[in-house]
Amino acid sequence: MSQQLQRDDPTEEETLIEVEGLKKYYGGDGVFAPPPVQAVDGVDFEIKRGETFGLVGESGSGKSTLGRTLIRLEQATEGTVSFDGTDITELSGQDLKQWRRNAQMVFQDPESSLNDRMTVGEIIREPLDAHDWKTDRDRRQRVRELLEKVGLQEEHYFRYPHQFSGGQRQRVGIARALALNPEFVVLDEPVSALDVSVQAKIITLLEDLQEELDLTYLFIAHDLSVVRHICDRVAVMYLGKIMELGETEELFNAPSNPYTKSLLSAIPRPDPTATIDRITLPGTPPSPRDPPQGCQFSTRCPAKIRPDPYQDLDDDVWEAIERFREIVRERTRVELSITDRVKRRTGSFSKHDDIEEAVADLFDGVDRPASVEEPIERALERVKAGHPSEARDLLREEFGGVCDSERPEHYTVSDTGRKSYCHRHSDEYADVDARLGRETRGE
């Protein structure tokens, strides 16, 4: 049974983990280094003792990096992670080793996460040896207890991982994570590599262990149906930022953020005759080396706020403009050779001449008003001349709105304290549903 059904009000429980302004960047050091990868870009949330906190989002959104940073497998670039009142980002040496007894991780791939040269007993015992836990005899007995606890047999102690099925290997990974009696466990897509029938058994095992051992979980997953079943609260992540956070059933039944709405609209329905307002997002997420200046979702958002002069512009024209801006953004990431740079200086640059064909395709059959035609042509010429960054700035100045220039706040959107990261929730703009009404389609 889901843990959320066993607790009346998780919001009143004691906070175990509190995260404030957490960032994790990779690279960017040195004068000539490329911009850093902003894997996690300033997140705030808390996890209650004994709850299962879900984390969902597209691949590359920063979910796994966030989970690894919470337990210090990665060092935070900025921000704090308080575990039961202690900021673990400041721990080092023996203090860090001692704390790591309290936080463990179960990895996504049960095959690659286990050392094939070690027996199952040695794998589970490894954390006990690393922390000098009691005597050798106690460690062996502890491993046997853990094998039984996760549904394996005592004779499995001397077998190797390759002799087990995927579900059994994941049980070994769970036993290893529980060896030191942790309070907090990060479950990084623990069932995504398993068959559906095996997934159900592992989920049931995790729920039983949570109830028996009073564990707190961070559950990272792609499968929204699994998240809905097991999690008390859910955070939806996109490009390093939490877009919406709230109680599971409320978030699934009445999402507020445009990204959450689009994500949930893609869930298959068991009834083939049901009408689905599916929101299809254009393009792909931007590079975390070059995220949007404003809202992280602004390059793909169907509810994006337009600048005043273009509020009533035809939707097809606006969509073409947004896709052109995305193409220009991608051109800014193209590295130019020395020869290309020389050609750019002499006016013979031709690397981006195909941009004209792209614009023709984008605006094919679309009637562009003069107010749109002129800035599009100017941007087109700057790209052809080898200066896509200038074209990008020109388009942002002309067609950019608040979503392009300013980071939104996390607005409270329900009586239960659910938060959503979107400018549409301010009193100044129409709500998300009003805008999405023109963007959704029945299928």
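- Checked against side-chain contact (heavy atoms from CB on, under 4.5 Å), Glu148 has no partners two or more places apart in sequence or in another chain.
- Among residues two or more places apart in sequence or in another chain, the salt bridge (charged side-chain N to carboxylate O under 4.0 Å, His left out) test is passed with Arg125 by Asp129, Asp136.
- Residues that satisfy the side-chain hydrogen bond (donor to acceptor under 3.5 Å, both in side chains) test with Arg325, not counting sequence neighbours, are Glu322, Asp404.
- Under the rule for a side-chain contact (heavy atoms from CB on, under 4.5 Å), the partners of Asp290 that lie at least two apart in sequence or sit in another chain are Arg329, Thr332, Arg392.
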Does Phe45 form a ring-ring contact (aromatic ring centres under 6.0 Å, His included) with Phe53? I'd like the steps, not just the answer. CA-CA 10 Å; Phe45 62 93; Phe53 185 91; 5.1 Å; yes

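- Judged by the 6.0 Å and 45° rule, Lys261 forms no cation-pi pair with Tyr259.
- Here Arg418 pairs with Glu250 in a salt bridge; the nearest charged N to carboxylate O distance falls below 4.0 Å.
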Report all side-chain donor-acceptor pairs from residues 27-41 shorter than 3.5 Å, counting only partners two or more places apart or in another chain.
residue: Asp41; atom: OD1; partner: Tyr25; partner atom: OH; Å: 2.7
residue: Asp41; atom: OD2; partner: Arg407; partner atom: NH1; Å: 3.3

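- Residues in residues 98-108 take part in these side-chain hydrogen bond (donor to acceptor under 3.5 Å, both in side chains) pairs, two or more places apart or across chains: Gln108-Ser192.
- Residue pairs meeting the ring pair (Phe, Tyr, Trp, His ring centres under 6.0 Å) criterion with at least one member in residues 195-215, sequence neighbours excluded, do not occur.
- Neither side chain, Ser82 nor Thr80, offers a donor N or O lying under 3.5 Å from an acceptor on the other.
- Partners of Arg323 by salt bridge (charged side-chain N to carboxylate O under 4.0 Å, His left out), not counting sequence neighbours, listed by chain and number: Glu319, Glu326.
- Of all heavy-atom pairs between Ile123 and Pro161, the closest is CD1-CG, 3.6 Å.
- Applying the side-chain contact (heavy atoms from CB on, under 4.5 Å) rule to Glu428 yields the partners Ser426; only residues at least two apart in sequence or on another chain are considered.
- Thr89 places no side-chain N or O within donor-acceptor distance of the main-chain N or O of Ala76, the cut-off being under 3.5 Å.
- The backbone N or O of Val43 lies less than 3.5 Å from no partner atom in the side chain of Lys241, so there is not a single donor-acceptor pair.
- Between the side chain of Glu189 and the backbone N or O of Ala221 there is no donor-acceptor pair closer than 3.5 Å.
- In this model, no donor atom of one side chain and acceptor atom of the other lie less than 3.5 Å apart for Ser197 and Asp195.
- Within the structure, ring pair (Phe, Tyr, Trp, His ring centres under 6.0 Å) contacts touching residues 162-189 (residues at least two apart or in different chains) are His156-Phe164.
- We find the CG-CD1 distance between Leu55 and Ile242 to be 6.5 Å, quoted to the nearest 0.5 Å.
- With respect to the salt-bridge test (charged N to carboxylate O, under 4.0 angstrom), the residues Lys419 and Glu244 do not qualify.
- To the nearest 0.5 angstrom, Ile230 atom CD1 is 7.0 Å from Tyr217 atom OH.
- Residues passing the side-chain contact (heavy atoms from CB on, under 4.5 Å) test with Asp44 are Glu20, sequence neighbours excluded.
- At least one donor-acceptor pair under 3.5 Å links the side chain of Arg139 to the backbone N or O of Trp133.
- Evaluation of the salt bridge (Lys or Arg N to Asp or Glu O under 4.0 Å) test over residues 68-86, restricted to residues two or more places apart or in two chains, returns Lys23-Glu78, Arg49-Asp84, Arg68-Glu74.
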